[in-house]
Amino acid sequence: MKEIIFLFIISLLIMLGSNGCSNGDNPSTQQQSETNISNTASGTWVTGYYVMYERDMLPPEEIDWSGLTHIVVARVLANSDGTLNTNFDYDPTNGPALAKDIAVRAHTAGKKAILMLGGAGNGVQIRDALTNHRTQFISNLISAMNTYGYDGLDLDWEDNIDMDLFILFAKELRQAAPNAILTLPGGPLNINYDTVDPKLVEVIQYIDQFNLMSYYPTTSWSGSGWYSWHNSPLSGVKPTTPVSIDDSLDRYVKAGVPKEKLGMGVGFYTICYNGGITAPNQSTENGVSIVGGDHEYPLSELFGTNGAYDETSRFWDNDAKASYLSLSQSERHGCRYVSFEDEESLIAKGDFTRNNKYGGIIIWTINQGHVRSHSQPNFLFQALRKGFIEPNFQRKVGISIMQGNSWLKTSSTMQLRALITGTSNKSLIWSITTPNCGSITANGLYTAPATEKTCSVRAVSTADSTQIADANMTITNVEWTPQFDISRTGTHWVEIAAKDKDVISLSFDLTDGTTQAISLNYTDYLGYPHFATNFGFPTGGGTYTFHAKSANNRSANINLNIPVCSPNSEGICQ
């Protein structure tokens, strides 16, 4: 649902926020003087955004509340007449029911629940409601907050913003709901051109927490003048990588925003650079682009079965205090450089927040950080708990085999990898638990038996021998023959549609002997993956060898014919 995946604007109030503590009283029945404007939280906060269009990724009963202090549920929308749309990006019945359910679960766990207002494309309606129906609009917001059992409101006025009207809105909302938790999202600052708007500082005086959406696409760019950078860099700002969390927070403080009201943000999704980029701080000219991002490349995919994560390819950028992969082979998006959050980066952000007495952190979205295939699916939330809430908290060790259940041919080999979390000890013991099923080395190189059968392999963590991961190896010589359709619209644009839902990656051989990955472009309504490449195939077309891989590690080599192209002056095929 791309229309509800929020856009980001660097220098204005946009998107999402989080929040401080409230006494839980009915805010509509209380008053507060303007000399005591906001409810500043004590301690650091960890606020996770829960969006209902990703509800299948994280059912409410599987939320790890111990790693959160607040949850923001998205979203109610403004109508121009001052009323509210409460479908919650779901429907008029199930949306409100799920919103109430999450609020009850939060309070049962001793956490605060915040109701998000607005988001992408709702700016005109918010402006109209405030201009012509402000008193009733504010009353409707407070009524919705109380009806669904929430402790506060997240004010996401993202576009068509009137700052003077925003100041008035924040002031009157605070007066009408003096004990409500009011949160506000904003952008990080680019050192090349951004400054803090004084009117924004005036709005913040009525707000409990002001949180920076310090994650892509407000942090990284590609093209002339930009270097490869990180999704959510803590430090390391410079003109070619002009955004970092520490620099932005410091400049907001200097502009008059209290430290205790300021929070950073992270995205629980992955970005990566194609075009041959292998690490941060490399030039992104000559056709390099950033792919992945919100909803398209969740951390649950990166760390899940058949994900690209590989401990041997994982590095730490000490300047940015950020993790990344530098892969020898491109992953499914055609990338070798992958930027993401992991346990170390989250704990580092927590240490920075506590040591510098900032307010906390927001996560967009918690749905994307739930790794079902792992023995500790909420290991990222355990890291948040240790970094921001309980520094002495001992995380639980978790383990999973990245390949999951796989197919391979008789007598063939497969290098198995494991994800180990909750400990710095990444060593493990590999074994085969079914008889006469081949062999496996201490490093996880599995050799299949000479006969077709189903075998089981096991990985045991040496940090905690109770943590065990198993995977079945289906040994068969039956060929996998996925079918593909090819279309060509230009000299530099070819799309390939797989007629098999299991296809997860595609690459092709070049005449110089190298192999080039093709990026996954989208998945259509039937669930079939569509790949696209801007590689400049000859106008006369030709036959190329393509390599396909399935979700359960089957592989196929297929010869496909690239269509002939008779381009016009703009390179479009006629």
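Side-chain atoms are counted along with the backbone in the values below, which use heavy atoms only and exclude waters and symmetry mates.
- No side-chain heavy atom of W364 sits less than 4.5 Å from a side-chain heavy atom of M213.
- Here E301 pairs with R332 in a salt bridge; the nearest charged N to carboxylate O distance falls below 4.0 Å.
- In this model, a donor atom of one side chain and an acceptor atom of the other lie less than 3.5 Å apart for H107 and D151.
- For the pair I401 and D470, the minimum side-chain heavy-atom distance is 4.5 Å or more.
- If you run side-chain hydrogen bond (donor to acceptor under 3.5 Å, both in side chains) between S323 and each of E344, R314, E341, only R314 comes through.
- Residues meeting the ring-ring contact (aromatic ring centres under 6.0 Å, His included) test with Y528, sequence neighbours left out: none.
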Take D246 and K321, measure what salt bridge (Lys or Arg N to Asp or Glu O under 4.0 Å) needs, and give me the verdict at the end. CA-CA 11 Å; D246 60 355; K321 301 295 186 293; over 6 Å; no
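- Side-chain atoms of K499 do not come within 3.5 Å of backbone N or O of P482 as any donor-acceptor pair.
- Counting heavy atoms from C-beta outward, S232 and L234 have side chains that stay 4.5 Å or more apart.
- Every side chain to side chain donor-acceptor pair (under 3.5 Å) that S427 has, sequence neighbours left out, goes to N425, T462.
- Side-chain atoms of N552 and Q403 include no donor-acceptor pair closer than 3.5 Å.
- Using a 3.5 Å distance cut-off with no hydrogens or angles, the side chains of T44 and T353 do not pair a donor with an acceptor.
- Contact check for E331 versus V338: side-chain heavy atoms found under the 4.5 Å cut-off.
- Using a 4.0 Å cut-off between charged side-chain N and carboxylate O, E390 and R395 make no salt bridge.
- Judged by distance alone, with hydrogens and angles left aside, the side-chain atoms of W229 form a donor-acceptor pair with the main-chain N or O of V243 at under 3.5 Å.
- Counting heavy atoms from C-beta outward, I361 and T47 have side chains that stay 4.5 Å or more apart.
- Side chain to side chain, S550 and D502 fail the donor-acceptor criterion of an N or O pair below 3.5 Å.
- Taking the centre and axis of the six-membered ring of Y90, the NZ or CZ atom of R55 falls inside the cone set by 45° and 6.0 Å.
- In this structure, K386 forms no cation-pi arrangement with F393, as its terminal cationic atom is not both closer than 6.0 Å to the ring centre and no more than 45° off the ring axis.
- In this structure, W430 and R458 have side chains that are not in contact, with every pair of non-hydrogen atoms separated by 4.5 Å or more.
- The shortest distance between side-chain heavy atoms of L155 and F169 falls below 4.5 Å.
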Derivation of the salt bridge (Lys or Arg N to Asp or Glu O under 4.0 Å) call for D89 and R75: CA-CA 7 Å; D89 295 317; R75 60 183 172 160; 2.9 Å; yes
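- A side-chain donor-acceptor contact under 3.5 Å links N211 and W45.
- The main-chain N or O of K396 is found under 3.5 Å from a side-chain atom of Q382 such that the two form a donor-acceptor pair.
- S220 has its side chain out of reach of N231: every pair of non-hydrogen atoms, C-beta onward, lies at least 4.5 Å apart.
- Under the side chain to side chain donor-acceptor pair (under 3.5 Å) criterion, T466 pairs with D464, sequence neighbours left out.
- Checked against the 6.0 Å centroid criterion, the rings of F88 and Y148 qualify as a close aromatic pair.
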Please walk me through it: do D91 and T93 pass side-chain hydrogen bond (donor to acceptor under 3.5 Å, both in side chains)? CA-CA 6 Å; D91 64 45; T93 301; 4.5 Å; no
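- No hydrogens or angles considered: nothing links the side chains of H70 and Q209 as a donor-acceptor pair under 3.5 Å.
- Between the side chains of H370 and E62, at least one donor N or O lies within less than 3.5 Å of an accepting N or O.
- For F340 and Y324, the ring centers sit 6.0 Å or farther from each other.
- A donor-acceptor contact closer than 3.5 angstrom links the side chains of D500 and W480.
- Here the side chain of Y150 pairs a donor or acceptor atom with the backbone of A99 at under 3.5 angstrom.
- Aromatic ring centres of F303 and H374: separated by at least 6.0 Å.
- H333 and N274 form no side-chain donor-acceptor contact under 3.5 Å, judged by distance and modelled atom types alone.
- The main-chain N or O of K549 is never found under 3.5 Å from a side-chain atom of S555 such that the two would form a donor-acceptor pair.
- Side-chain contact annotation: Q467 with S375, donor-acceptor N/O pair under 3.5 Å present.
- In summary, R105 and D101 engage in a salt bridge, as defined by a charged side-chain N under 4.0 Å from a carboxylate O.
- In this structure, the ring of Y297 has its center no less than 6.0 angstrom from the ring center of Y269.
- The pair K261-D208 does not count as a salt bridge, with every side-chain nitrogen at least 4.0 angstrom from each carboxylate oxygen.
- The two residues F388 and L346 have their closest heavy-atom pair at CE1-O, 3.6 Å.
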